[in-house]
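The structure under discussion appears below in the form of structure tokens.
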Amino acid sequence: TIFVVGWSGQILKSNDAGLTWQNQISNTTEDLNSVFFLDSNIGYVAGNSQTILKTTNGGNTWTKQVSPKTQHLYSIFFRDINTGYIATYDWEVDSCTVLLTTTDGGVNWEKRNIGGVGSPMKMTFVNKDTAFIAGDFGGIMKTTDGGKRWETSYHNGNSYFDIFFIDDNTGYVIGEDGEISITENCGKDWTVLDSSTDKDLLSICFTDINTGYAV
């Protein structure tokens, strides 16, 4: 089962590993940027203009959640059934990265400014305490206390669009001009790899420790 979100409120669902797709009724026309499912029933979507959607029946119906006043919401991640995070930014505060946090399954959200990596394109948790945010305009942020405090993990000027960890220590980040960088010590150090391309890379996924794909 696969979900895809996109422009104009579009949510697609496949039950056969992508052979066929069905439109879901999202009840919004806003562009949708990120989708995350906790299990086969409970899922969330984040999008433009403060849009947060939730389903409890595998995408058959979606309901809007109340969001604090923000701009576009870029990446959503839930650590468990109650605790979730959405990364966004605030252009009025020098492109400051903003983190929305819920501890009650999306009923209420707390808004905090946590730093500046420009547009936060992807957020991922390595474990319950350690997480990374890869940002446009060049930067990766890291937390080791479940999102309370954040610091810069990597910054070399490129924009980063996706980040993927295959275990607690080894992770990859990809971005513009074909950059693929690796960390083998949970973000303390990053090394640029030879990707054999100068094209922007937007998404990365590994199926095991040796096999990965970047597009």
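Here the structure is a predicted model, which is why all the values come from computation and not from measurement.
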If we only count heavy atoms from C-beta on, is the Leu53 to Thr51 side-chain gap below 4.5 Å?
-> yes
In Å, rounded to the nearest 0.5 Å, how long is the span from CG of Leu202 to CG of Asp162?
-> 9.0 Å
Check: Phe36 ring centre within less than 6.0 Å of Phe77 ring centre = yes
When you look at CD1 of Ile25, are more than 12 heavy atoms from neighbouring residues, nucleotides or ligands closer to it than 6.0 Å?
-> no
Apart from Trp21 itself, members of its ILVMFWY cluster (side-chain separation under 4.5 Å) are Ile2, Val4, Leu12
Among the clusters formed by ILVMFWY side chains lying less than 4.5 Å apart, do Ile166 and Ile204 turn up in the same one?
-> yes
Decide yes or no for Ser14 and Asp16: does some side-chain heavy atom of the first lie under 4.5 Å from some side-chain heavy atom of the second?
-> yes
Nearest heavy atoms of Lys142 and Thr130, plus distance in Å | CE-CG2, 4.0 Å
For Lys128 and Asp80, indicate whether the former's side chain and the latter's backbone hold a donor-acceptor pair under 3.5 Å.
-> no
Kindly indicate whether the side chain of Asn15, heavy atoms from C-beta on, has any atom under 4.5 Å from the side chain of Thr1.
-> yes
Relative to each other, are the rings of Phe3 and Trp62 parallel, tilted or perpendicular (30° and 60° limits)?
-> perpendicular
If Ile, Leu, Val, Met, Phe, Trp and Tyr residues are connected whenever their side-chain heavy atoms lie under 4.5 Å apart, and connections chain through other members, are Val173 and Val192 in the same group?
-> yes
Linked, directly or transitively: Leu201 and Tyr160 (ILVMFWY side chains, under 4.5 Å) | no
Are Trp150 and Trp109 connected in a single hydrophobic cluster, I mean Ile/Leu/Val/Met/Phe/Trp/Tyr linked by side-chain heavy atoms less than 4.5 Å apart?
-> yes
Tested for ring-ring contact (aromatic ring centres under 6.0 Å, His included) against Phe125, the lone hit among Phe132, Tyr85, Phe165 is Tyr85
Shortest non-hydrogen pair, Tyr213 vs Thr207, comes out as CE1-CG2, 4.2 Å
Could you tell me which non-hydrogen atom of Thr102 sits nearest to which non-hydrogen atom of Val107, and how far apart they are?
-> OG1-N, 4.1 Å
Residue pairs passing the side-chain hydrogen bond (donor to acceptor under 3.5 Å, both in side chains) test with at least one member in residues 26-43, sequence neighbours excluded, are Glu30-Ser49, Asn33-Asn48
Ile114 side, atom CD1; Met141 side, atom CE - distance, nearest 0.5 Å | 4.5 Å
Given side chain to side chain contact (heavy atoms under 4.5 Å, CB included), test Asn82 with Thr103 step by step and report yes or no.
-> CA-CA 5 Å; Asn82 293 313; Thr103 57; 5.6 Å; no
Minimum heavy-atom distance between Lys148 and Arg112, given as atom pair plus value | O-NH1, 3.2 Å
Would Ile180 and Phe161 show up in the same hydrophobic cluster when neighbours are defined by side-chain heavy atoms closer than 4.5 Å?
-> no
Hey, does Pro68 have a side-chain heavy atom less than 4.5 Å from the side chain of Leu100?
-> yes
Do Lys64 and Ile52 have side-chain heavy atoms sitting under 4.5 Å apart?
-> no
Set of salt bridge (charged side-chain N to carboxylate O under 4.0 Å, His left out) partners for Asp198, sequence neighbours left out = none
Over all atoms of both residues, closest heavy-atom pair of Asn185 and Thr183 = OD1-OG1, 3.0 Å
Would you find more than 12 non-hydrogen atoms of other residues, nucleotides or ligands less than 6.0 Å from Ile209 atom CD1?
-> no
Heavy atoms, side chains only, cut-off 4.5 Å: are Asn169 and Glu184 in contact?
-> no
Is any side-chain heavy atom of Thr144 less than 4.5 Å from a side-chain heavy atom of Asp129?
-> no
Heavy-atom side-chain contact between Ile11 and Val35 under 4.5 Å = no
Thr55 side-chain N/O to Asn57 backbone N/O, donor-acceptor pair under 3.5 Å = yes
Within 6.0 Å of CZ in Arg149, more than 12 heavy atoms from elsewhere = no
Is a side-chain donor or acceptor of Asp200 paired with a backbone partner of Asp177 at a separation under 3.5 angstrom?
-> yes
Hey, could you give me the CD/NZ distance between Glu176 and Lys199, rounded to the nearest 0.5 Å?
-> 13.5 Å
Between CD1 of Ile182 and CG of Asp189, what distance do you get to the nearest 0.5 Å?
-> 12.0 Å
Trp190 CH2 to Ile140 CD1 distance, which is reported to the nearest 0.5 Å | 4.0 Å
Heavy atoms of Leu99 and Met123 approach each other most closely as CD1-SD, 4.0 Å
Inter-residue atom distance Lys111.NZ - Thr101.OG1, 0.5 Å rounding = 12.5 Å
Look at the aromatic rings of Phe78 and Tyr44 and report parallel, tilted or perpendicular, splitting at 30° and 60°.
-> parallel
